[in-house]
Amino acid sequence: MPTTDGRRVAARPLAVAVTRGYLAAAGDAGDVNAIATADLRKSYGDLTALAGLTLDVPAGELFGLLGPNGAGKSTTIRILTGQLRPDAGTASVLGIDPVTDPIGVRERVGILPEQESPPSFMTPREYFDFVGSVRDLNAATVDERVETWADRLAYGAKLDTMNTDLSRGQQQKVMITAAFLHDPDLVFIDEPLANLDPIVQETVKRFLREYRDAGNTVFFSTHDIDVAADLCDRVGIVHEGELVTTRRPAALDGDRLLDVFLREVGADANVAVGESAGADVNASTDTDASTDADANADAGTER
Amino acid sequence: MSADRAVLAAMVREEWRLHSRLFGGRRFAAFPVFVALVGGLTAWALGTTGAETGTVVAGAHVLVALFGLQTGTVGLVGRDAMRGLLGDTTLVVFSAHTLPLRQRRLLGLFLLKDVGYYAVLLLLPLTVALAPLLPLAELALLWLTLVWTFGLGLCATVAAVSLATRGRPGKVVAALVACALGAAALAGLPIAAATPYALFVAPGLTSAVAAAVPPLCLLAVAALAYDPEHEPPARTAENAYRAWRRRVPAWDDPVFVKTMLDVSRSAGGYWKVLLSAGILVAMSAFLVSLAEAVVGLRVLPGVAFGSILGLTAFTTYNWLTQFDDGTAYATLPVETAAVFDAKRRAFAVLGLPTGVACYAVAALWRGAAPLDAIAGLALCIGLQAYLFGLTVALAGTQPNEFLFDTVLFAGFTLGVALPLVPVLVVGFVAAPLSAPLAAALVVAGVGLAGVGHVLYGRAVPRWRERYRE
């Protein structure tokens, strides 16, 4: 694996110690939804953030929520993790209602918010102890997991530096570690790769796949279409507070997730021409209905 | 020049929007009226107690100088402090990182903006408040010297911050200058002659030049000393979190431990809590001596100091909530009630003892009689508990913002005045204290603590719901 200064380091096997408690308790993993919402609605004054979002994410899936700025992605995560109360609709996370039992949900899941830094006046090591205390982890377990994560994301030398003096990328590594510290069955991660260098991005992507392979669920919010296409089993495109489609990137069959995205969010075709191979995009735009129909047939698209 | 105008306009707009947000939108428009009203009432109250106009005007200059000192720090100490106070905020003054503008120029425009902005919004209403005490012809001069004084405070802070960018030598120089000024004042040297206040007292070319020298010198120091590339070194620390948890294992309260670490590691450490209380001690001493010397009252020092030092609850709670709020733990399984409980524990550990210790020093210093001392102690603790509950009820975990909300602040002022004024009146007129009255004051202290407890208990569920809206 090449580093930024040209050196090569040996690739480390990523040990993913995960539990499948929820799946084990639920029986057959294939029939279980880790997340289910029905007609979720949320407004902030005159601004409608969610306009009836209905969504199911089976356990063991790496699901990506894709959408333009202000589409409702962060609001969805905040409702599903009990941070916000919806105006209407229902939600279930690992079988728990986040509206009536927000703490119950947050005990079970890991959360990586997009724009949040670790507490300024703690060191990463202290912050992990803090998170461990809140989550009832013993000190030895915290130490062991911190060691693993610091090694994995290459920030061991910064464990005793005050968080406020860390770079944004280092702070992001701390937040990633904190989200996974209790080995949750399900994580909500909002732009997890932001501020990370390409090597660490690859490491995190690889970890997420292994984490999913071990039966856990990832709910992944992003603007980055390439990352979503590369990483996710299924992608939901949200626009103006509604889920407009879901696609399986691996089953797009010649169509590109970017083109699907541009069509679904109503972006101007010229944008697509500028960012895609022109003829193909024009063709796909012109044959919108048939493409969608194909995709529906091939990839089990829901609208 | 056009770039300067654009930056200055952007800074003024930014300041307005910042305050509009903090003050709760249109409520901000009421702020100058509020300042004029409170200033006018204070001037009237001082006038009726026999305080001389000269004393009131001198006091106004001192307060404005302190405000200038404080205003300079908020914008200049950096983004971390801004984030602590206002959330994730970037000001135009920091845009030298991204635009072709020199940091020194930005700082100069920042100072100009502050002086102009506060001259209109704060110092003009304050001048209007003092209008009944002065001839009309002197009001313009008063406004000018108040603005000048504000600028002096601002320049002093900027010079100190600029020296601090030079590391330890710069800080030593700043400390030496501050000590020299303090020593000169104690030695009775006429330092005030080189301030804008002297210009107000004796208007003339000499006093104007004398008043102009200090801010110009401070600006020169700032310009020469400021190092725009200064970056404080990254700080490291041993794991104090586990040590703290071992110290108070019975509580098993992670948010409490985090709160204590936040206070101890932020600028000023635990000392800032003591310093805030110390300022109140000085204020109490000033009020007591004013009542004794000017009005000729025989004050009960225990009751008077105990009552006023009850106000330390607000400043301490401010420090305890400076670095997080009720939503800061939203991604963890932490109940909102647990956050408030942790703040209450921290308040019990840090706030109450600080207030009581300051009270004890003041009561011993002023020789409070046993009954007076006991009544004062009960009031000090009771008022602290009451104010803690009142602040939580009105402001949740964000007392900083509430300070800027005119309506909330007026409510808080009323909530403070309701119990404080009656007990202060007792302290000022009831000497010597009788046993029944002392007992009544002790009961009042206990009752206030009870009211605080009820306010707290009712506020927490309300805030839990509000944080999820």
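Sequence lines set the chain letters: A, B, ... in the order given, protein chains first and strands last, and positions in each chain run from 1.
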- Query: Can the ring centroids of B/Tyr456 and B/Phe388 be said to lie less than 6.0 angstrom from one another?
  - Reply: yes
- Message: Counting only non-hydrogen atoms closer than 4.5 Å, does A/Pro86 touch chain B with its backbone (N, CA, C, O), its side chain (CB onward), both, or neither?
- Response: neither
- Give, as side chain, backbone, both or neither, the part of B/Glu465 having an atom under 4.5 angstrom from any heavy atom of chain A. side chain
- Task: Could you look at A/Ala178 and say if it's the side chain, the backbone, both or neither that has a heavy atom under 4.5 Å from chain B?
- Result: neither
- Task: Could you tell me which portion of B/Val257 (side chain, backbone, both or neither) has an atom closer than 4.5 angstrom to a non-hydrogen atom of chain A?
- Result: neither
- With a 4.5 angstrom heavy-atom cut-off, could you sort out which part of B/Ala338 is near chain A: side chain, backbone, both or neither? neither
- Message: Counting heavy-atom pairs closer than 4.5 Å to chain B, which one of A/Ile103, A/Leu166, A/Ile111 comes out on top?
- Response: A/Ile103
- Item | Ion pair A/Arg125/A/Asp129, N-O distance below 4.0 Å | no
- Message: Given heavy-atom pairs under 4.5 angstrom as the criterion, report whether the side chain, backbone, both or neither of A/Lys42 touches chain B.
- Response: side chain
- Query: Cation-pi between A/Lys173 and A/Trp149: NZ/CZ under 6.0 Å from ring centre and within 45° of the ring axis?
  - Reply: no
- Query: Do A/Phe220 and A/Phe63 have ring centres separated by under 6.0 Å?
  - Reply: no
- Query: Could you go step by step and tell me if A/Tyr44 and A/Asp87 meet the side chain to side chain donor-acceptor pair (under 3.5 Å) rule?
  - Reply: CA-CA 10 Å; A/Tyr44 305 100; A/Asp87 298 334; over 6 Å; no
- Task: Kindly say whether the aromatic ring centers of A/Phe207 and A/Phe180 come within a distance under 6.0 Å.
- Result: yes
